[in-house]
Amino acid sequence: QVQLAEAGGGSVQTGGSLRLSCAASGSTYNRYSMAWFRQVPGKEREGVAGIDRDGRIKYAEAVKGRFTISKDNTDNTLYLQMNSLKPEDTAKYYCVAAGRYADFVVATWTRPDLYPYWGQGTQVTVSS
């Protein structure tokens with residue numbers, strides 16, 4: 001069983017930066033494939049960035065060059081550095097973890113059902 005807790009959301013102006021973090025607990029295993037998803041009311045959840053158990057990194061096209069995902073396998077913490085933020089980045093951001101053996105070679109990383117573990121979410125608001 002894995003519990004995830006996000007932190008670091010907030011309100012910033014266009015062009016600003018935020019750094020999200022996600023602390024994982026409840027398991028001694030430290031190589032889960034993980035990702036950040038975001039959701040706007042009335043829209044489906046979308047994958048923002050992911051990193052799998054072997055270090056393969058994926059980004060949504062809309063955030064390439066602006067966001068950086070990283071993971072510290074020692075303390076089971078996932079990060080998302082968000083730079084050059086735009087109003088369209090406004091959403092609730094969720095940290096998610098996949099099953100123990102999932103990777104991004106076999107699985108499609110943008111499918112929400114790949115991830116049985118979800119955090120409670122943290123709100124990011126970007127104003128003009």
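Start at 1 with the first residue, then count along the sequence.
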**Prompt:** Of all heavy-atom pairs between Met34 and Cys22, which one has the smallest distance, and what is that distance?
**Reply:** CE-SG, 4.2 Å

**Request:** Could you tell me which residues satisfy side-chain hydrogen bond (donor to acceptor under 3.5 Å, both in side chains) with Lys43, sequence neighbours excluded, listed by chain and number?
**Result:** none

**Message:** Connecting only ILVMFWY residues whose side-chain heavy atoms lie within less than 4.5 Å of each other, what is the rest of Val106's hydrophobic cluster?
**Reply:** none

**Asked** Is the Phe67 ring parallel, tilted or perpendicular to the Tyr93 ring (thresholds 30°, 60°)?
**Response** tilted

**Message:** Side chains of Arg53 and Tyr29: any donor to acceptor distance under 3.5 Å?
**Reply:** yes

**Request:** Show the numbers, then the answer: is there a side-chain contact (heavy atoms from CB on, under 4.5 Å) between Thr90 and Arg38?
**Result:** CA-CA 9 Å; Thr90 296; Arg38 65 187 182 186; over 6 Å; no

**Asked** Hey, are the side chains of Tyr94 and Leu4 touching, using non-hydrogen atoms and a 4.5 Å cut-off?
**Response** no

**Request:** Answer yes if Val40 and Leu80 sit in the same cluster of Ile, Leu, Val, Met, Phe, Trp and Tyr residues linked by side chain heavy atoms under 4.5 Å apart, and no otherwise.
**Result:** no

**Message:** Looking at Arg111, I'd like to know if its CZ atom is crowded, meaning that more than 12 non-hydrogen atoms belonging to other residues, nucleotides or ligands lie closer than 6.0 Å.
**Reply:** no

**Asked** Are Tyr59 and Leu18 linked, directly or through other ILVMFWY residues, by side chains that come within less than 4.5 angstrom of each other?
**Response** yes

**Request:** Assess whether atom CD of Gln13 is packed by more than 12 heavy atoms of other residues, nucleotides or ligands within 6.0 Å.
**Result:** no

**Single-linkage hydrophobic cluster, 4.5 Å side-chain cutoff, Trp109 and Tyr79 together** = no

**Prompt:** Which atoms form the tightest heavy-atom contact between Gln120 and Lys92, and what is the distance?
**Reply:** O-CE, 3.3 Å

**Prompt:** Of the non-hydrogen atoms in Asn83 and Ser17, which two are nearest, and what is the gap between them?
**Reply:** OD1-OG, 2.9 Å

**Prompt:** Could you give the distance from CD (Gln3) to CD (Gln1), rounded to the nearest 0.5 Å?
**Reply:** 5.5 Å

**Prompt:** So, Tyr115 versus Phe37, ring centres under 6.0 angstrom or not?
**Reply:** yes

**Item:** Heavy-atom pair of closest approach, residues Ser27 and Arg100
**Value:** OG-NH2, 3.9 Å

**Prompt:** Under 4.5 Å between side-chain heavy atoms, hopping through other hydrophobics if needed: is there a path connecting Val124 to Trp36?
**Reply:** yes

**Message:** Please give me the minimum heavy-atom distance between Ala35 and Ile69, naming the atom from each residue.
**Reply:** CA-CD1, 4.5 Å

**Item:** Pi-cation contact, Trp118 with Arg45 (under 6.0 Å, within 45°)
**Value:** yes

**Prompt:** Are Tyr32 and Leu20 connected, step by step, through hydrophobic side chains (Ile, Leu, Val, Met, Phe, Trp, Tyr) whose heavy atoms are closer than 4.5 Å?
**Reply:** yes

